[in-house]
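Working notes for the structure below.
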Amino acid sequence: MAECATYGTVAVLQINNPPLNVLGHDVRSQLMSGLQQALQDKAVCSIVIMGKGQTFTAGADVKEFGTEKVFWEPTLHSLVEAVSASTKPVVTAIHGTTLGGGVALALASHYRLADSSAKMGLPEVQLGILPTCGVTQRLPRLVGLQTAVRMVTSGQTQSAQQALTAGLLDKVVTDDLLKKAVGFARSVDVRGLEARRVSSWTVPGADRAEDVLDAARKTLVRRSRGAIAPLTALQAIQASLLPFETGMKREAELGRYLWTSWQAAALRYAFFAERTVKRWHIPRNKNVNYRTAEPMDIKSVGVLGAGTMGVGITISLLQAGLKVVLTEVNKAQLDKAVSLIQRSLEGKSGGKPQPMQLRATTDYSQLREVDLVIEAVFEDLALKKKVFQQLDAVTNPRTILATNTSGLDIDQIAAATQRPDKVIGTHFFSPAHVMRLLENIYGRHTSVETIATAMQLGATIGKVGVLVGNCPGFVGNRMKGLNFTEAMFLLEEGAEPQDVDKALEEFGFAMGPFRVSDLAGGDVHWRRRIQAGLTTEHGPPPYTPVLYRQGNRYSPLADMLCMQGRFGQKTGAGWYRYKSGSRTALPDAEVHRLIHKHRQDHGFQRRNISSQEIVERCLFPLINEGFRILEEGLATGPQDIDVIFLLGFGWPRHTGGPMYYADKVVGLGNLLQSLEKYRAYHPRSAHWVPSSLLRKMAAQGTSLSIWAAGSRL
Ligand code: NAD
């Protein structure tokens, strides 16, 4: 766990807790006793702390979070203070990616040395907690307020060179860190020790502190969108201007506040949920699962359709070192796609795709030898069926055929082939080379091997794969669609687009639904509604009431905008107006007039609508649908739904995801009550009918987490 050795007058304490050398209780105990031995050993003049294996230490052991073990002595705090108080100079020698507690140890040491490839970072705020153990007090004293605020609140890692420039490191070395650290430790002198304790320093540039902190506060209020950890961390850093002991007390106080906050619990949940979804099984047959399945080895992938998604998917595959055959019917589009792909990969570590790795063609027969094809042609079932028939004819019979459809029936697409067991949905999110989510959808005949291969492919290209069952829109789009429906009803009843957007942005979304619609282009969904027979290019279908379609309440407002050519940013006008070349959404009197007239025409009484109602009306139907999805066995557990929303739809991470939020923040009883309340006002909206799973759980007073604990292998 931690090994001690002496090299002449230097004692070396090496953490050895693979793979990441996390500072669990055993490691802390052994480091502490190694330190004490070294202090007692008269032959030892200085001490080096370092790590074996791939990193110095990735910090605290997250598995201890939420347990008593984290408080067992020696705590990380006691260890760090013992290092700082050491009567012999301590040199920390850093390599690999050193996080959190590792940085705390380094800051408390008297000298800091690093390998040139080392990185240092403080990810605590991303888990809703504060970097404690003196980090918020020592770091500003060492690197100044501005850098400290950036490191603590962003969680971004610093390279060794950046850390050296910032003053966080004393020296960067190449090769043989142990030898260099021992040599360095021999050269340091106990007489200068007192001045090397960062706790005795004052924060540089303290006279400009107010301006720096004010500017940081403004930025954080805007960026953190309801997350409390970044602003709390700023308060702790501000306390570094006080005497060290006072600042430490403040840090401990704020640390406890965040540690016990509901947001820290939610962020911890989100962290583990991303790991839990890898343990997939098919709910109706638990024997089909991640343990029993063997994936196929995938070395080459065909991508069919070189549009927005085809380009992003190709970039992801090439970045992971896979060979890609990009196939497209339109030669001009293909050339454009190749140049986009090359530009995107230029300057990245992989450099330009080698001719061997990317082959671009208009000839389907080039797909003959690939291991897997991802189809990304237009969202049209007839076209997809035709394309799958062609793929079935041209590819090797062992090739897996995947579709990137946003919600079409996987079984119908599979039925167009002679190999339905090898057909699966691999739903990427846009931009596909950036978004980390891969929603994999199995059909009725999809084989275990095909499922395992799609899940494995996700991991290979750095995505988080979530396995779900087949239904219109799958999990993500099926739930998300409901949020926009209610957003429009809110406009009819009195809200303006900017009121709805503001309420959801305050809840934590980067953009409200109307700004998102303007960004994505309102015409995309308009075409889908036309295809679904809900509307026509000229208004409601004949003999159809304006406010009701297919048995449900319907708002035609989005259709009315599209009929005026207001598709959003691309046409300079949508729910908002946009100045030429600008993406800033400006409220538009035209839209307000259109909504106002619609209210008058249909007898809506305008009323004031609170932010709380807006949030509940937009989010609760979506959550209710999540319960239905669980009930129908289309997702293995609530974590799968939460990960889809956190990684695919920008759901605010500090709330844990829609299902966690319902379970732990709103409460299932309260959720049920709210659904019933809104249902009484909106009896013709099916999405307000509470799911029977929710009813059952609320009646039993149980929680989703208890229910889920039994459902996952
Ligand atoms: P797109 O219109 O940008 O690109 C589709 C491409 O397919 C075009 O270049 C077209 O020329 C090509 N194509 C059409 N027929 C073809 C054929 N028979 N053979 C080869 N190429 C053909 O569309 P997109 O936005 O990339 O969407 C593609 C698929 O991904 C759709 O099913 C869509 O629903 C899905 N999807 C899109 C998004 C998104 O945000 N754009 C997100 C997730 C999933």
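Whatever order the structure lists ligands and atoms in, that order sets their numbers, starting from 1.
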Within the protein, residues bringing a heavy atom under 4.0 Å of ligand 1, chain by chain:
Leu304, Gly305, Ala306, Gly307, Thr308, Met309, Glu328, Val329, Gln333, Tyr364, Ala376, Val377, Phe378, Glu379, Leu383, Lys384, Val387, Asn404, Thr405, Ser406, His427, Phe428, Ser430
Kindly indicate, with the supporting measurements, whether the criterion side-chain contact (heavy atoms from CB on, under 4.5 Å) is fulfilled by Ile413 and Asp409.
CA-CA 7 Å; Ile413 295 172; Asp409 185 356; over 6 Å; no
With sequence neighbours excluded, tell me which residues meet salt bridge (Lys or Arg N to Asp or Glu O under 4.0 Å) with Asp559.
Arg529
Taking distance alone, no hydrogens or angles, what donor-acceptor pairs closer than 3.5 Å link side-chain atoms of residues 381-388 to residues at least two apart or in another chain?
residue, atom, partner, partner atom, Å
Lys384, NZ, Glu375, OE2, 2.6
Lys384, NZ, Val377, O, 3.1
Lys385, NZ, Gln412, OE1, 3.4

Ring of Phe271, cation from Arg275 - is the NZ or CZ under 6.0 Å from the centre and inside 45° of the axis?
yes
Looking only at side-chain N and O atoms, does Glu486 offer a donor or acceptor that is under 3.5 Å from a partner on Trp688?
yes
Would you please name every residue forming a side chain to side chain contact (heavy atoms under 4.5 Å, CB included) with Ala573, sequence neighbours left out?
Arg566
